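These numbers were taken from a predicted model, which means no experiment stands behind them. Chain letters run A, B, ... following the sequence lines, proteins first and then strands; every chain starts at 1.
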Protein chains: 2
Amino acid sequence: MSRNANLTPLPGSCAACAVRPFALFRVIPQARVGEIARIRSGVRLVRAGDAILDSIFTMYAGWAFSWTATPDGRRQVLDFHLPGDLVERSEDAAEVEALTDSSFCILSRERLCAFMGRDPGLAMSYVDGLTRDRARMRERLTSLGRRDAAGRVAHLLLELHGRLLRRGGADARGAAVPLKQAHLADALGLSVEHANRALAALRKDGVATLNKGRLEIMDRTALEDLAGWAGLPPPESLAPQTLAG
Amino acid sequence: MSRNANLTPLPGSCAACAVRPFALFRVIPQARVGEIARIRSGVRLVRAGDAILDSIFTMYAGWAFSWTATPDGRRQVLDFHLPGDLVERSEDAAEVEALTDSSFCILSRERLCAFMGRDPGLAMSYVDGLTRDRARMRERLTSLGRRDAAGRVAHLLLELHGRLLRRGGADARGAAVPLKQAHLADALGLSVEHANRALAALRKDGVATLNKGRLEIMDRTALEDLAGWAGLPPPESLAPQTLAG
DNA sequence: CGCGACTTTGAACTGAATCAATTTTGGTGG
DNA sequence: CCACCAAAATTGATTCAGTTCAAAGTCGCG
């Protein structure tokens, strides 16, 4: 098999872009798509495992992820980037790496800013993305802070499934999810071994499986219960026990 | 002592606002400050422990924090809000609560949006805030994912100290930090008892203390070492051990 | 076939949670 | 100024979820 088999080229024109309905430029009406051509500063195809150095781009095909290294040689995965996502390699020390063979559309920050200055709708779309990112980070934070291993895995799987569903990349039973267990572990603050055990528990209980790049959800309710802290106590006992004021 | 002693009223005019140099409107030149008057939709003074229901506002005096409850009755503190911070009570389920007696300036989202549409500089300032928030959440995520208790505490103390320094609310030796140990614990995914022990270790080693609403940094280098994963292995061993590609 | 990447399993170990008091602090009202 | 109470901080003992270390087992592929 050719070493390029999985590299999906981008269409020449934004008008034909399959991910635009879910991407930054979703707010630009079809009739005006021609105007955004100058914001594109190029496309790139990268292989799984390659570092991505471009500073701002829209994922077209494949998955990427942002991460930071800890001085003791481990990783924290900060976020996963799916087709349609706008990704910025930020000032902070985060690296971006292709998780699968990927292709994306590189933007000119300067021209994007100029365009947003003229088009408040586009600026809003950009702000939307930032706000969503922040909300996702907050959920992730809650996971790492207060969920156990099974809950973290369940929550992340549901998050990814939801994101994929919204862009038509999944159905209710499952989706293509090319994560290795090491990605899960590094995103969730777990050791690979423990991520494996959590996944094994899900499998054994007939809740969900992650295998050969595919997520299968067999019992969504059970998965949601795990992610939402299974045995909910009765509502009247919901009062926080710390910081009670 | 009067029950209102700690409620700091806001100045009548934005021109006299002490936190504007660090806030959303920092980009509006003094000469044009009059124009933003209509964006303010009110001010509010709240007591420590009160929930804040306003949807978008700038902290003027005091601290607040955002949090979510877990169904099992615990809390995850998502972020702390300091004077000058723009706070949005977001669509997501996060609550905002005053940590100390606080006062803030409520904005009209509608008029703010309209103004940003006309003033790209202000829009940029807003985007800046969101980007900073996201970066802070990412750092926090890394803390919860990969740092031990001492490292998490050290990192959060340094983050807060840095934020306070930038707005002139601290000197190199310390700052007013009104957090209870329960806030630390709930922000860092620790039990109160363990947060206490981590803090006790910092104190015993002469690194830093948090006491009666005051942070004292006695050995900044040691604190940074803790936050940055103390015993750094030699640079050549920095290669990540998981996800190696 | 054989190698490397990934997954799985087991056992020992440990950081942090939990449970259970006890002490300290700050504020309140006399 | 002092006695008192609730909130907050502290300490100790025990338990447990998750890490670490060590080996196999499995899969895709050249």
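- Between B:F80 and B:H183, the angle of the ring planes goes over 60°, which puts this pair in the perpendicular group of the 30/60° scheme.
- For the pair B:R197 and B:E193, the salt-bridge criterion is not met [side-chain N within less than 4.0 Å of a carboxylate O].
- Here B:G189 lies in heavy-atom contact (under 4.0 Å) with sugar-phosphate atoms only.
- The structure places OG1 of A:T68 at 8.5 Å from CD of B:E139, a figure rounded to the nearest 0.5 Å.
- In this structure, CZ of B:R75 is placed 20 Å from C1' of C:dA17, rounded to the nearest angstrom.
- Expressed to the nearest 0.5 Å, how far CZ of A:R138 lies from CG of B:D133 amounts to 7.0 Å.
- A salt bridge (Lys or Arg N to Asp or Glu O under 4.0 Å) with A:E216 holds for exactly one of A:R220, A:R214, A:K212; it is A:R214.
- As a whole-Å value, the separation of B:R74 CZ from C:dA16 C1' is 12 Å.
- One atom, NZ of B:K212, and another, P of D:dT10, lie 10 Å apart when rounded to the nearest Å.
- Side-chain atoms of A:T142 and A:R146 form no donor-acceptor pair, as typed in the model, at a separation below 3.5 Å.
- Atom pair B:L210:CG and D:dA8:P shows a separation of 14 Å (rounding to whole Å applied).
- Rounded to 10 degrees, the angle between the two end axes of the helix from C:dC1-D:dG30 to C:dG30-D:dC1 is 40°, with five pairs used at each end.
- Going from atom CG of A:L190 over to atom P of C:dG15 covers 17 Å, rounded to whole Å.
- Atom-to-atom distance recorded for B:T58:OG1 and B:D85:CG is 9.0 Å, nearest 0.5 angstrom.
- Between A:R74 and A:D72 there is a salt bridge, since a side-chain N of the basic residue sits under 4.0 Å from a carboxylate O of the acidic one.
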Nucleotide-resolved protein contact map, nucleotides 7-13 of chain C, B/S/- at heavy-atom distance under 4.0 Å:
SBBBB--
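- As rounded to whole Å, 18 Å separates atom P of C:dG15 from atom CG of B:L144.
- The distance from the CD1 atom of B:I217 to the CG atom of B:L157 is 7.0 Å, given to the nearest 0.5 Å.
- To the nearest angstrom, P of C:dG15 lies 16 Å from CZ of B:R146.
- Atom CG of B:D148 is separated from atom C1' of C:dT14 by 12 Å (rounded to the nearest Å).
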